[in-house]
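Please read the structure below before turning to the comments.
Order of the sequence lines sets the chain letters (A, B, ...), proteins ahead of strands, with each chain counted from 1.
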Amino acid sequence: MLKILIPTIMLFPTIWLTPQKWLWTTTTSHSLIIATFSLTWFNLNTGTGWYTSNEYLAIDPLSTPFLILTCWLLPLMILASQNHMSSEPIKRQQVYLSLMVSLQMLLIMAFGATELIMFYIMFEATLIPTLMIITRWGNQTERLNAGIYFLFYTLMASLPLLVALLSLQVTTGTLSMLILCYSDPMPFFTWSDKIGWMGGLMAFMVKIPLYGVHLWMPKAHVGGPNAGSMVLAAILLKLGGYGMMRITILLDPLTKEMAYPFIILALWGVIMTGSICLRQTDLKSLIAYSSVSHMGLVAAGILIQTPWGFTGAIILMIAHGLVSSALFCLANTTYERTHSRTMVLARGLQMIFPLTATWWFITNLANLALPPLPNLMGEIMIITTMFNWSPYTLILTGLGTLITASYSLYMFLMTQRGPTPSHIMGLTPFHTREHLLITMHLMPVLLLITKPEIMWGWHF
Amino acid sequence: MLPVPCVLRSISTCLRFPKLVAINKLLSQYTVLLSFFLFSELDSHLRAFREKAAAAMPGSDWTPFHLTPGLPPERADIVIVGGGVMGWSVAYWLKRKEQVRNAVRVVVVEKDPTYSQASTVLSAGGIRQQFSLPENIQLSLASADFLKNINEHLNVVNEDPVDLQFNHSGYLFTASENAAHIMEANHKTQMCVGAKVILLSPAQIKERFPWMNTDGVVLASYGLENEGWFDPWTLLNALRRKAISMGVHQCFGEVTGFKSSSHKVETGDGDLLRLKRITHVNVQMPNSLEKQPVECAIVVNTAGANSGRVAEMIGIGHGPKDSMPGIPVPVEPRKRYIYVVHCPDGPGLDSPFLIDYSGVYFRREGLGGNYITGMSPEESEEPDISTLDVDHDFFHNNVWPRLAHRVPAFESLKVSSAWAGYYDYNTFDQNGILGAHPLVNNMYFATGFSGHGLQQSPAVGRAVAELILDGRYTTLDLSALDLKRILYQEPMLERNIV
């Protein structure tokens, strides 16, 4: 663990001491080397269930996929920001990179934490660099509003989590995940226990985001810069899912009855946000709502608390992280050229950018869960486990799949097909860097078709 | 306000009679004092609290950072330079054609909130279909249809309906001997396209309009329907009100320049061209040094008489002569005078908008015997455009003699007032310029109408909105008026320019 964490921390001196000419090259290649080394985490072969452990940081089959995704995404984020940051003064570029690296460090510590309180602290700490990235380098005047929504939604929901964690510490004597799995289930019968259950899970529900408390997400995505959107969609949302998976170990018998309304809310949210996607005119907003839709399915899968549910949730989170981030990068390339995110003003791009049309095509197919991509694997497992829980959920999930397919195709047809308007005839061609960025997003998704067991969590 | 004597009396009472009753009285008096002090200002305290609470709720626009009022947004999808009737027509049609609400963010930037020099409001306000180019006739017909049904289009709920004061009195063009055949050919074109125009012989003219002197007139063409005049200020405000109600942002400021990105491309013939793409519009706030660059995807140039200058800001016209970058947009301001005259024995209420072959024109204004008259000067005698001062000698020397010859009643008239306005004169072929420039892909033009812009503005707005949102003309095909004819040097001449 430390052999990944220390090099990440050493990115700080790298950023501040490298000559200006080599700043972006050095940071990108350094983080890419860290990402390559993080792939060794796939080789999990000890008997305890926890690997590379010291007292504070450890990994297990649940956290490994998220950690590797986090490490993989940092070079991609740096690659994506290179263009729009090139016009800023060097100090500001270094501050931006430092914020991203600090976010990375906190995320590694969050996913690797063995103690729930440490996880909580890292969970909260990731809000600060993200807030700075969104409000300082975001796109419009509404970015201030976006930052406030983002910060306060998560903070409001996570203060009860702190109280719940501290009271659980008092009851169980420890909150270390290494030990908690061996504890007896605790008696939760009173009303205050139920409120405590809510407190424990509310923060993660806001982070996932669950449908009723998702309002901060389209704002944060539209108002944020490209790298902010990438990290938000790919990793920060998964913090919520991961946290939910960890804490439900403690809250077990109560979850069977308390989770009912939230599962229904999540499934309803899949359909609602999918329908909203069909009415969107802003490309980034469409992708943000599509994220909420997919994560609704993930939330339902986690709250069901079955092996297939958990496995499906992890697979869908990893696949969604990569694909959603790729979609944001593609949307950003259009935005950098036409200076508008409105879909009606940038149509028919297939004629002028054919290779990029291929990336759009593959990414949209992945978004609509085309077999044999891992997105489908995750969705099918969650849908199956929901069907096992109650056959009527098939109506909701089936309708949700249909709507997902229609808005993904809508996005593809609106941006790529159709007559090319005359005012986008003279756009600059794509850079190799942009093609590399999308390829590095899509390659893991395609490779995961061949060996999905590595991200199946505990049940592989 | 504080009843001090009461307090002192109470204290003295208390000291003299140290009993519970006195203390009670003191206490009650203090309570009355305190409550008097608190409750008298309770109203204002409550009002202030209510205002602060309303400002904190979502939906209010209070922010802790003081933003200059009237600043344009940092980002817009389409920026329309010039807030005259053409600009607001484009804005209205863009909002009307978008399929989802707020699909495109449109900002209209206008230099002068008083519209003191805008061609729109200084116009004579006539609308006619008697053109020689079929596209012009189609534009005017479509616009007349829009204006006749204006409340269907521009009505805003809970506001007064629009009253354009559209006088359907028709235009009367007269032709001399050597131009009669042109008038007949034009009449045929007009009938083909669908305008209701008839040709009149001098006898028929005399029958309809006995006040006219048909000396030298061989033929006249008279518009029976969809021709006349209306109030341009009302049209401008109606378009503006409706567009703002649909979500268009209005900004008062001057466009001082553009930021653009450019890259070189090689054409099929091997020539190297520099393609520019506008990324930001620099808007300067009025009476201030403050500037705001508005990031945008498309710019629509509807700056009227200043369109040539705006096009120069992006570099159209700067290049080696006879190359595509070197050809400027040929729109320049030309000053035209309008004189208001009072003649009680004049032609009367049924007089049309008469345009004589000598160049002079007049129309009735209102019901009190006032008429508006004017004339386009010769090419060589163009007045100076630096101010909008009126030259009254022009009236006495050029306009009045010709007017009095044509309408004898006008021999005795009195000039009550006059004003001058600019034509956005297209020096190339005096017809409108529409479409995008090939070298600056995202700047659309709708300018250069040379005196017939106001009457074509509703249809032109729809055409430009179709170009932007659909990519091509869908209702009227106006490719004859495209900007590329300027670059290919193929003029589309209009013979009936007033």
Side-chain angles (χ1 to χ4, degrees), chain A residues 83-84 86-87 135 138-145 147-149 152-153 215-216 219 222-223 275-286 334-349 351-352 410 414 417-431, chain B residues 58 61 63-65 67 71-79 94 97-106 259-265 273-281 292 294-300 435-444 466-472 482-484:
Chain A
N83 192 21
H84 76 84
S86 56
S87 54
T135 50
N139 281 320
Q140 357 205 95
T141 3
E142 289 89 31
R143 66 184 185 264
L144 299 171
N145 209 10
I148 291 180
Y149 265 71
F152 282 104
Y153 259 78
L215 214 45
W216 60 272
K219 289 196 201 299
V222 168
S275 315
I276 293 175
C277 278
L278 288 169
R279 287 280 297 174
Q280 284 298 320
T281 52
D282 181 337
L283 193 53
K284 251 184 147 176
S285 193
L286 198 157
T334 315
Y335 173 70
E336 277 183 5
R337 283 169 174 74
T338 57
H339 290 275
S340 159
R341 281 195 299 273
T342 313
M343 288 198 291
V344 75
L345 291 180
R347 294 173 300 159
L349 294 176
M351 279 291 118
I352 38 181
Y410 169 69
M414 270 297 271
R417 295 284 162 85
T420 313
S422 56
H423 59 86
I424 63 170
M425 285 297 183
L427 293 182
T428 47
F430 264 66
H431 306 282
Chain B
D61 59 355
T63 86
F65 321 105
L67 294 171
L71 214 55
E74 281 179 5
R75 257 209 73 250
D77 293 316
I78 301 176
V79 173
L94 278 170
K97 274 185 73 62
E98 66 182 6
Q99 286 168 342
V100 182
R101 201 181 319 162
N102 292 329
V104 279
R105 187 190 279 205
V106 182
K259 275 195 235 181
S260 57
S261 64
S262 72
H263 64 282
K264 284 203 176 71
V265 292
L273 281 181
R274 177 174 283 276
L275 283 188
K276 281 201 186 145
R277 206 184 151 75
I278 299 176
T279 58
H280 295 75
V281 180
Q292 166 82 299
V294 180
E295 186 182 4
C296 60
I298 291 177
V299 172
V300 183
H437 196 285
L439 293 182
V440 183
N441 275 127
N442 57 350
M443 179 179 259
Y444 284 84
E466 284 167 5
L467 270 188
I468 293 177
L469 293 178
D470 297 335
R472 56 194 174 80
D482 200 83
L483 180 93
K484 296 196 188 53

Original post:
Which bit of A:Y335 is near chain B, if near means a heavy-atom gap under 4.5 Å: side chain, backbone, both or neither?
Top reply: side chain
Subject >> Cation-pi geometry met for A:R337 and A:F430 (6.0 Å, 45°) >> reply: yes
Original post:
For B:R472, what residues pass the side chain to side chain donor-acceptor pair (under 3.5 Å) criterion, not counting sequence neighbours?
Top reply: none
Subject >> Heavy-atom contact with chain B under 4.5 Å, split by part of A:L144 >> reply: side chain
Subject >> Under 4.5 Å from a heavy atom of chain A, the part of B:I468 involved >> reply: both
Subject >> side-chain contact (heavy atoms from CB on, under 4.5 Å) partners of A:E336, counting only residues at least two apart >> reply: A:N83, A:H84, A:N332, A:E434
Original post:
Which residue out of B:A297, B:A436, B:G471 racks up the most heavy-atom pairs below 4.5 Å with chain A?
Top reply: B:A297
**OP:** Ignoring hydrogens and angles, tell me if any N or O in the side chain of A:Q280 forms a donor-acceptor pair with the backbone of A:S285 under 3.5 Å.
**Re:** no
Original post:
Is the shortest heavy-atom distance from the side chain of A:V344 to the side chain of A:T281 under 4.5 Å?
Top reply: no
Original post:
Which region of B:I298, side chain (C-beta onward) or backbone (N, CA, C, O), has a non-hydrogen atom less than 4.5 Å from a non-hydrogen atom of chain A, or is it both or neither?
Top reply: side chain
